[in-house]
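There's a structure below that I have some questions on.
Small disclaimer: the values here were computed from a predicted structure and weren't measured.
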Amino acid sequence: DSNTVNENKQEYETTSEGQVDLERLEKKENRSGGVLTGRTYIWSAGLQAWREHPLFGISKAATYEKASVYIEDPFWLPSLEASLHNIYITILVASGIVGLVFFMAFLIANIINYIKRVFREEKDYNFNMYITLLILLAIMLVTECMEGRIVYRTEVFNVLFWTLLGFASQFSMIKERDEMDDKKTI
């Protein structure tokens with residue numbers, strides 16, 4: 001005997017003794033996808049659609065239409081409609097190799113600049129804030145391997161990421177400007 005309980009819009013099952021059953025939902029529903037909850041199917045479908053136009057991509061608007069053809073299990077179609085659940089694959093599919101190269105070049109150039117600043121920075125009160133910003137940005141970039149929120153969407157996560165990136169760039173530029181001013185006075 002088990003009852004489905006809906007508390008705070010989260011469904012879980014309880015046994016007749018009132019204990020919560022923690023077995024993974026995909027096992028109970030006999031669906032595939034594993035711990036990545038179907039993301040590998042979605043990524044594969046996106047990459048197959050990307051092969052149609054690898055240089056410039058298929059556009060974000062056409063991603064669902066083109067990739068849904070390659071999804072065998074219709075259970076995963078609603079997840080695909082939301083996104084490809086990986087920003088790097090999403091950019092590759094929507095904007096092609098050209099778009100991904102520009103995006104990665106932008107990120108890598110900024111990361112190199114930020115890392116250079118860490119090693120030449122005097123350890124003042126701004127340094128701790130700067131390190132915190134870099135850690136938050138790194139966490140966000142890693143989570144984008146499982147989501148697709150920082151490009152092609154406007155939501156809180158997107159705004160937060162680009163705002164933090166802007167703050168980190170501003171901190172870096174201020175330090176460079178101060179170093180150039182010090183050289184001029186010498």
Taking the side chain as C-beta and beyond, is there a heavy-atom pair between Y41 and E72 under 4.5 Å? no
Quick one: closest heavy-atom pair of P74 and P78, and the distance? O-CD, 3.8 Å
Main-chain N/O of L92 paired with S95 side-chain donor or acceptor, under 3.5 Å: no
Which heavy atom in L107 sits nearest to a heavy atom in L141, and how many Å separate them? CD1-CD2, 3.9 Å
Ignoring hydrogens, what is the shortest heavy-atom contact between A67 and A45? Give both atom names and the distance. O-CB, 3.4 Å
Verify same cluster id: M129, L137 (apolar side-chain graph, 4.5 Å): yes
I need the single residue from L160, I131, L164 that forms a side-chain contact (heavy atoms from CB on, under 4.5 Å) with L136. Which is it? L164
Does A109 offer a backbone N or O that forms a donor-acceptor pair with the side chain of Y114 under 3.5 Å? no
With a 4.5 Å limit on heavy-atom distance, are the side chains of T90 and T63 in contact? no
Kindly work out whether a path of hydrophobic side-chain contacts (I/L/V/M/F/W/Y, heavy atoms less than 4.5 Å apart) joins V118 to I111. yes
Taking atom OH of Y152 as the centre, report whether more than 12 heavy atoms of other residues, nucleotides or ligands fall under 6.0 Å from it. yes
Check this for me: does any side-chain nitrogen of one of E147 and R39 sit under 4.0 Å from a carboxylate oxygen of the other? yes
Determine, using the 4.5 Å side-chain heavy-atom cutoff (strictly less than), whether Y88 and I139 are members of one ILVMFWY cluster. yes
Quick check on the hydrophobic clustering: are F171 and I135 connected, directly or via other members, by side-chain heavy-atom contacts under 4.5 Å? yes
Please find the pair of heavy atoms, one from W43 and one from C145, that lie closest to each other, and give the distance. CZ2-O, 3.4 Å
How long is the gap from CD1 on I87 to CZ on F161, to the nearest 0.5 Å? 9.5 Å
Would you say the side chain of F103 lies within less than 4.5 Å of the side chain of I150, judging by non-hydrogen atoms? yes
Are any side-chain N or O atoms of N110 and backbone N or O atoms of F106, one a donor and one an acceptor, separated by less than 3.5 Å? yes
Going from CH2 on W162 to OG1 on T154, what distance comes out if it is rounded to the nearest 0.5 angstrom? 12.0 Å
Between S68 and L77, the two heavy atoms sitting closest are CB-CD2, 3.7 Å
First locate atom CG of L134, then atom OG of S172, and finally report the distance between them rounded to the nearest 0.5 Å. 9.0 Å
Check the pair Y64, S83 against side-chain hydrogen bond (donor to acceptor under 3.5 Å, both in side chains), reporting the backbone distance first and the verdict last. CA-CA 8 Å; Y64 177 78; S83 78; over 6 Å; no
All heavy atoms of A168 vs all of L133, minimum pair found to be N-CD1, 3.9 Å
Can you tell me if E155 has over 12 outside heavy atoms packed within less than 6.0 Å of its CD? yes
Distance check, rounded to the nearest 0.5 Å: I58 atom CD1 versus W50 atom CH2? 11.5 Å
If only atom types and distance count, is the side chain of N86 paired as donor or acceptor with the main-chain N or O of M146 below 3.5 Å? no
For the CD1 atom of I89 and the CG atom of L47, what is their distance to the nearest 0.5 Å? 5.0 Å
Check: E144 main-chain N/O paired with R149 side-chain donor or acceptor under 3.5 Å: no
With a cut-off of under 6.0 Å to the ring centre and 45° to the axis, is R117 in cation-pi contact with Y130? yes
Close side-chain approach of F56 and I97, heavy atoms under 4.5 Å: no
Verify same cluster id: V98, I91 (apolar side-chain graph, 4.5 Å): no
Is there side-chain contact between S44 and Y70, with at least one heavy-atom pair below 4.5 Å? no
